[in-house]
Amino acid sequence: MIFALTIPEDEIIRQSQHSNNTPILLILGNPYAQIRFVKELNHMNNLRDTKVCNLCGSHKYKELHYYPPNYYNHTNFETYSWDGNMDMDLKIVKCSNCKLVYQNPCFNSNGLKFLYPTEIIPDILDYENLLHNHKFHYLLGIIDKFYPHPNTNNYTMLDFGTRYGVLPELLFNKGFKAFGLELNKKCVSAALKSGFKNIHQGTIDNLGEISNELKINRINLAVLVDVIEHLLNPMEELKKIAKFQDTGDRMIITTMNINSLGYKLFKSYWYYIHAQHTYYFSEKTLARLFNKLGYEVECVFQVDKIKNLTIFHKELVKWLKHKIERIKYRNDKNLKKKLWFATNRPSLFDIFTIVVRKKH
Ligand SMILES: [Zn+2]
């Protein structure tokens with residue numbers, strides 16, 4: 001692809017991002033501008049990869065949503081999870097063969113750090129408060145169905161992306177051999193200092209070393225809450241967990257549902273679409289992925305559709321506000337404080353939890 005200088009800078013960057021081909025630059029005039037261009041383009045291109053479908057390997061897809069650079073004006077909006085505050089475009093596609101929805105081009109491990117800025121983690125946590133005011137009641141109810149008290153002692157469970165280790169702590173107290181893995185070292189050290197006993201630093205990628213350290217050779221129950229939609233290669237990463245499971249062992253996965261009512265209503269404005277989210281599963285695509293890994297779906301849980309009525313009005317108002325504000329603040333130079341881009345992006349109860357069981 002060849003661009004001439006008559007094309008404005010931002011248009012060149014936009015085109016290169018949209019096509020994800022590295023363009024050949026033909027720039028006449030200021031050599032410093034040329035160097036800056038090349039640097040900028042290399043920098044941006046190294047942050048993302050073009051993907052084939054993770055589920056079926058097809059390279060054919062249909063574009064579902066395309067958000068050009070500066071979709072949110074960077075003078076007025078804080079957008080680190082949208083585009084790493086870097087004024088990049090975002091494209092969400094659907095595999096033409098198996099219907100898996102994913103980000104393409106997709107941020108890679110170089111790019112991801114811009115999407116997760118260092119947050120302030122307290123040195124010490126309120127152990128009692130975290131154990132009593134947690135978000136896992138729903139999940140504990142599901143786990144109780146499959147592992148009724150008191151027959152939990154023989155089961156080893158691992159919670160991936162555990163943050164402070166609240167879930168493994170709760171399950172340890174119910175008798176499980178429970179462990180939590182967290183990538184963020186600060187979360188792990190704060191949790192250990194504050195009394196959480198079952199948390200370890202690591203990710204799916206170093207599960208091999210961690211299992212040696214913890215003397216685990218079988219994971220009866222693997223839990224991934226709000227994790228799978230952030231993975232760079234779900235098929236390969238889940239395969240690594242599957243190696244530690246035998247027939248009858250389970251995984252419980254919670255993620256947002258691209259086939260939900262919220263997505264169908266709000267489409268490109270849906271709260272869950274942003275660059276931190278690399279994969280957008282439905283019950284069908286997630287079931288297909290697990291079937292390939294040798295699992296069968298035992299149960300799918302979702303919030304009753306009728307409950308959506310309780311928040312529908314509020315979310316509809318947010319949707320309208322969002323549409324107005326994004327346009328209104330496109331050129332407004334008088335705004336004193338940046339707005340969070342997603343404040344008014346709407347969603348309903350668009351989360352589902354799937355329980356899968358290993359067949360062989
Ligand atoms: Zn596919």
Side-chain angles (χ1 to χ4, degrees), residues 17-21 45 47-67 88-112 115 160-161 204-205 222 224-243 245 251-264 266-268 270-300 302 347 350-360:
Q17 286 300 301
H18 192 38
S19 65
N20 205 45
N21 292 327
N45 283 331
L47 303 180
R48 302 199 291 193
D49 297 329
T50 304
K51 299 219 160 179
V52 295
C53 176
N54 192 254
L55 186 46
C56 75
S58 170
H59 61 273
K60 288 191 180 147
Y61 58 76
K62 185 178 152 240
E63 189 174 294
L64 285 187
H65 303 293
Y66 178 71
Y67 308 86
M88 287 166 82
D89 63 352
L90 178 65
K91 190 162 79 174
I92 307 297
V93 305
K94 188 188 216 174
C95 172
S96 305
N97 180 39
C98 76
K99 313 301 175 206
L100 178 67
V101 176
Y102 58 105
Q103 187 191 130
N104 198 19
C106 184
F107 275 88
N108 57 28
S109 50
N110 292 328
L112 281 181
L115 306 177
F160 292 87
I204 298 172
D205 285 330
L224 291 91
V225 176
D226 305 337
V227 168
I228 196 169
E229 64 271 24
H230 296 260
L231 298 180
L232 294 178
N233 190 340
M235 184 68 88
E236 286 308 310
E237 290 172 80
L238 292 172
K239 209 179 270 175
K240 286 179 185 166
I241 302 176
K243 279 189 185 151
Q245 297 207 299
M251 289 199 213
I252 300 183
I253 313 281
T254 293
T255 188
M256 74 276 180
N257 188 352
I258 193 71
N259 196 31
S260 61
L261 183 62
Y263 172 70
K264 284 176 184 160
F266 302 121
K267 293 280 181 188
S268 70
W270 195 43
Y271 173 79
Y272 294 102
I273 298 180
H274 53 71
Q276 280 183 356
H277 287 163
T278 47
Y279 288 90
Y280 301 77
F281 289 97
S282 65
E283 286 170 33
K284 270 190 187 167
T285 51
L286 199 52
R288 227 171 261 161
L289 188 149
F290 276 106
N291 288 341
K292 284 203 163 189
L293 292 169
Y295 290 74
E296 62 190 355
V297 175
E298 265 187 308
C299 275
V300 179
Q302 48 194 340
S347 68
D350 300 322
I351 298 291
F352 73 112
T353 300
I354 188 168
V355 182
V356 295
R357 190 172 168 274
K358 196 166 188 187
K359 288 191 287 190
H360 43 74

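Just so you know, ligand 1 is whichever comes first in the structure, and atom 1 is the first atom listed for that ligand.
Applying the side-chain hydrogen bond (donor to acceptor under 3.5 Å, both in side chains) rule to S260 yields the partners D350; only residues at least two apart in sequence or on another chain are considered.
Between K240 and E237 there is no salt bridge, since no side-chain N of the basic residue sits under 4.0 Å from a carboxylate O of the acidic one.
Each protein N/O/S atom under 2.8 Å from the Zn ion (ligand 1) was counted, for a total of 4.
Side-chain contact between M235 and L293 is present, with at least one heavy-atom pair separated by less than 4.5 Å.
Within 6.0 Å of OH on Y271 lie no more than 12 heavy atoms contributed by other residues, nucleotides or ligands. Around the NZ atom of K60, the shell of radius 6.0 Å holds no more than 12 heavy atoms that belong to other residues, nucleotides or ligands.
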Point to revise | Intermediate values then yes/no, side-chain hydrogen bond (donor to acceptor under 3.5 Å, both in side chains), Y263 and N257 | key: CA-CA 8 Å; Y263 172 70; N257 188 352; over 6 Å; no
